[in-house]
There are 2 protein chains.
Amino acid sequence: MPKMSDVARLAGVSTATVSRVLRNPDAVKTGTKEKVLEAIHQLNYQPNMLARHFRRTETKTILVLVPNIINTVFAEIVGGIEEQASKNGYRVLLRNTARKLEREYGSIEHLKQRQVDGMIMLSPQLDEATLNEISSQFPIVLATANLETPKIPFVSIDNVSSSYKATEHLIRLGHKKVGHITGPMDSLLSRHRNEGYRKALGDYGLDIDEQLVRRGHFSYESGFEQMMDMLGQNHVPTAVFAPSDEMAIGIINAAKEHQLRIPEDLAVVGFDNIRFASMFNPSLTTIAQPLFKMGQRSMELLLKKLNGESISQTEHLLPDELIIRDSCGARKKGKLLHN
Amino acid sequence: MPKMSDVARLAGVSTATVSRVLRNPDAVKTGTKEKVLEAIHQLNYQPNMLARHFRRTETKTILVLVPNIINTVFAEIVGGIEEQASKNGYRVLLRNTARKLEREYGSIEHLKQRQVDGMIMLSPQLDEATLNEISSQFPIVLATANLETPKIPFVSIDNVSSSYKATEHLIRLGHKKVGHITGPMDSLLSRHRNEGYRKALGDYGLDIDEQLVRRGHFSYESGFEQMMDMLGQNHVPTAVFAPSDEMAIGIINAAKEHQLRIPEDLAVVGFDNIRFASMFNPSLTTIAQPLFKMGQRSMELLLKKLNGESISQTEHLLPDELIIRDSCGARKKGKLLHN
DNA sequence: TTGTACGCGTTATCAG
DNA sequence: CTGATAACGCGTACAA
């Protein structure tokens with residue numbers, strides 16, 4: 001592999017000049033520049049990036065920590081990050097945490113060892129104190145994460161108001177017994193979605209029937225199981241708000257096992273608007289998160305940090321949208337009942 | 001940030017010794033080793049990986065090229081790769097090609113610039129000559145890709161026999177008019193699946209009705225559109241083999257639009273066994289690819305290449321499996337008709 | 001505008 | 001078993 005000195009020799013200049021042609025072409029006279037470029041071409045020279053990174057103590061690489069890449073929600077955010085990163089000359093290192101806390105800690109080592117210039121964490125599980133500690137030393141951005149006392153830039157939607165909107169939709173369709181299966185309650189995001197649900201019921205003067213509120217963890221299985229269990233009881237909901245589409249599908253399938261029709265006997269609203277939401281039968285009414293955009297935005301914020309620019313605000317809430325399809329019954333009535 | 005020389009000074013040894021403690025501890029006397037480790041601990045020293053990578057001309061990083069990370073099929077393979085990589089001290093750089101050929105070419109630059117030690121390509125679009133050319137210079141492995149004349153190690157399932165199996169299943173359920181919507185025919189993988197379909201029909205003495213064979217490209221949309229079109233014609237299939245689950249779902253939804261019952265009026269077999277295959281209504285009969293394992297295996301092969309070990313064979317075909325669920329009708333008949 | 005010369009932090013070589 | 005020292009290839013003061 002030819003090195004810079006080879007180019008320099010062939011072009012009859014010094015390595016300094018070759019380096020300048022590569023990094024700051026305007027500082028070189030046109031004639032010499034051409035000679036150098038010609039030599040580069042002739043030798044098919046490629047700069048040794050390892051040497052460059054070492055010399056400049058930067059890697060042009062960012063780390064993306066994902067709880068689980070197989071989850072389409074995360075995959076789509078990663079897609080947005082990658083797009084924005086590569087557009088700006090950055091590469092994306094992917095690490096699956098498999099929801100192991102120690103793998104999140106491990107990523108700190110990565111930063112310390114200068115293996116990456118910065119990091120984006122999706123749904124981190126680390127406590128806020130630790131996150132703040134890392135953030136004070138390295139450029140990091142959070143995605144799909146809310147913070148109690150935000151000090152680190154993060155990208156999210158407003159989980160309270162979106163859940164409120166979803167629940168309200170069901171209430172305005174006439175439902176009095178609206179159930180909810182939560183995500184894991186150690187996650188602030190789940191608590192926020194739960195909060196929006198409760199707020200909506202309260203605002204519309206409906207009591208919260210704690211028997212209709214169950215604990216799950218976003219998954220299809222937890223939706224199915226909790227719903228099966230709920231339907232085995234003596235009083236059942238006429239509508240359910242689920243904090244993920246996967247869970248909504250689990251709920252619907254459980255209801256079908258009990259010979260319930262969707263949406264006539266049970267209305268369901270999901271969350272995320274995954275690709276599959278519109279393909280399912282019935283198609284899911286759901287809250288659409290702009291996942292790809294959230295990925296892009298996280299990377300934009302990280303880029304600012306990497307470039308030393310200041311970030312005015314820490315909360316970056318992107319607009320969500322209630323997508324009305326067939327699982328809630330609004331479309332069955334010929335026209336929407338409200339809005 | 002403390003450097004190796006700081007550790008050396010504190011421990012009263014040379015940098016060479018510190019380096020040895022880190023990389024080849026057995027070559028250092030226990031006493032000195034302890035002194036050094038103590039100093040490392042006291043200074044909270046972290047080796048500068050950039051310097052190490054530069055010095056050793058290796059990055060402990062591999063590149064994974066994905067057509068589209070949002071596709072669950074690829075995401076799952078990536079999951080397997082990442083797991084195996086991190087288990088062996090390698091990091092995974094993720095690049096989305098968005099099916100742009102130039103991004104595949106770009107990855108070659110990456111290798112040339114020594115930014116990564118090797119590469120795994122998922123469903124590459126580059127021609128075999130180019131792939132062979134790259135492979136002769138750098139360690140690469142292919143996944144979900146078949147080759148006309150295999151010279152590069154690749155991991156796949158046997159697409160011909162699995163498609164044969166899927167089609168045969170439909171035939172043995174009594175279907176005479178078995179349709180097929182293909183993937184893009186510039187992909188060898190699609191051609192193989194098409195080949196298995198045709199072979200099965202031929203072996204069972206059934207004519208291939210070219211009107212029942214349509215061109216698609218794995219997507220839900222192409223399945224839906226082609227099926228809608230097919231159902232608008234005067235003669236229609238009683239069963240369809242789809243080369244992806246997404247497409248199978250599109251086909252089913254199109255059939256439902258035409259008031260057809262699945263599987264009574266139309267039996268469908270899909271491919272991939274994506275997570276949603278079992279959640280869908282009806283649940284999909286499909287060919288299960290061991291995607292995660294395929295990812296792991298690709299990484300194992302790449303590790304061998306990186307370690308200079310020889311790889312005996314180039315074709316690594318993993319076992320697939322026909323998963324019988326509700327979309328084909330076999331289960332409706334009380335018991336399987338065959339097996 | 002260009003060249004010289006040094007340093008980045010680690011590892012490998014070689015001598016002791 | 002340990003130490004001194006020379007690379008690795010590039011970027012950048014500083015000098016010309």
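Below, read A as the first sequence line, B as the second, and so on, with proteins coming before strands; counting in each chain starts at 1. When reading the values below, keep in mind they use all heavy atoms of this one structure, side chains included, and skip hydrogens, waters and symmetry mates.
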Pairs involving [range], ordered by first then second residue, that meet salt bridge (charged side-chain N to carboxylate O under 4.0 Å, His left out) (sequence neighbours left out):
range	answer
residues 130-139 of chain A	none
residues 143-153 of chain B	B:Glu148-B:Arg191
residues 9-33 of chain A	A:Asp6-A:Arg9

List in chain and number order the residues that pass side chain to side chain donor-acceptor pair (under 3.5 Å) with [X], two or more places apart in sequence or in another chain; answer none if no residue qualifies.
X	value
B:Thr149	B:Glu128
B:Gln296	B:Glu83
A:Glu309	none
B:Glu104	none

Exercise for review: Pick out which of B:Gln46, B:Arg91, B:Lys60, B:Arg52 makes a side-chain hydrogen bond (donor to acceptor under 3.5 Å, both in side chains) with A:Gln115.
Suggested key: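 Output: one option passes, namely B:Arg91.
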Exercise for review: Drop me the distance from B:Leu302's CG to B:Ile81's CD1, to the nearest 0.5 angstrom.
Suggested key: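 Those atoms lie 9.0 Å apart.
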Check your understanding: Quick one: do B:Glu300 and B:Arg297 make a salt bridge, cutoff under 4.0 Å?
Key ->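 Looking at B:Arg297 together with B:Glu300, the answer is yes, because their closest N to O distance falls below 4.0 Å.
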Check your understanding: Which is the 5'-most and which the 3'-most nucleotide of DNA chain D that has an atom under 4.0 Å from a heavy atom of chain B?
Key ->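 Terminal contacting nucleotides, 5' to 3': D:dC1 to D:dG9.
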Mind listing the N/O atom pairs, protein and nucleotides 5-9 of chain C, below 3.5 Å?
from  : atom 1 : to      : atom 2 : distance (Å)
C:dG7 : N2     : A:Arg55 : NH1    : 2.5
C:dG9 : OP2    : B:Lys3  : NZ     : 2.6

Point to revise | B:Lys304 atom NZ, neighbour heavy-atom count above 12 within 6.0 Å | key: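 Result for NZ/B:Lys304: open.
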Point to revise | Counterpart residues, salt bridge (charged side-chain N to carboxylate O under 4.0 Å, His left out), relative to A:Arg56 (two or more places apart) | key: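 Salt bridge (charged side-chain N to carboxylate O under 4.0 Å, His left out) list for A:Arg56, sorted by chain: A:Glu58.
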Check your understanding: Are A:Thr32 and C:dT1 close enough that a side-chain N or O sits under 4.0 Å from OP1 or OP2?
Key ->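 No, no such contact exists.
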Point to revise | Selection: residues 17-30 of chain A, any non-hydrogen atom under 4.0 Å of DNA chain D | key: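 Contacts with DNA chain D under 4.0 Å: A:Ser19, A:Arg23.
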Check your understanding: Looking at five pairs on each end of the helix from C:dT1-D:dA16 to C:dG16-D:dC1, what is the angle between the two axes, given to 10 degrees?
Key ->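 That helix has its two terminal axes inclined by roughly 30°.
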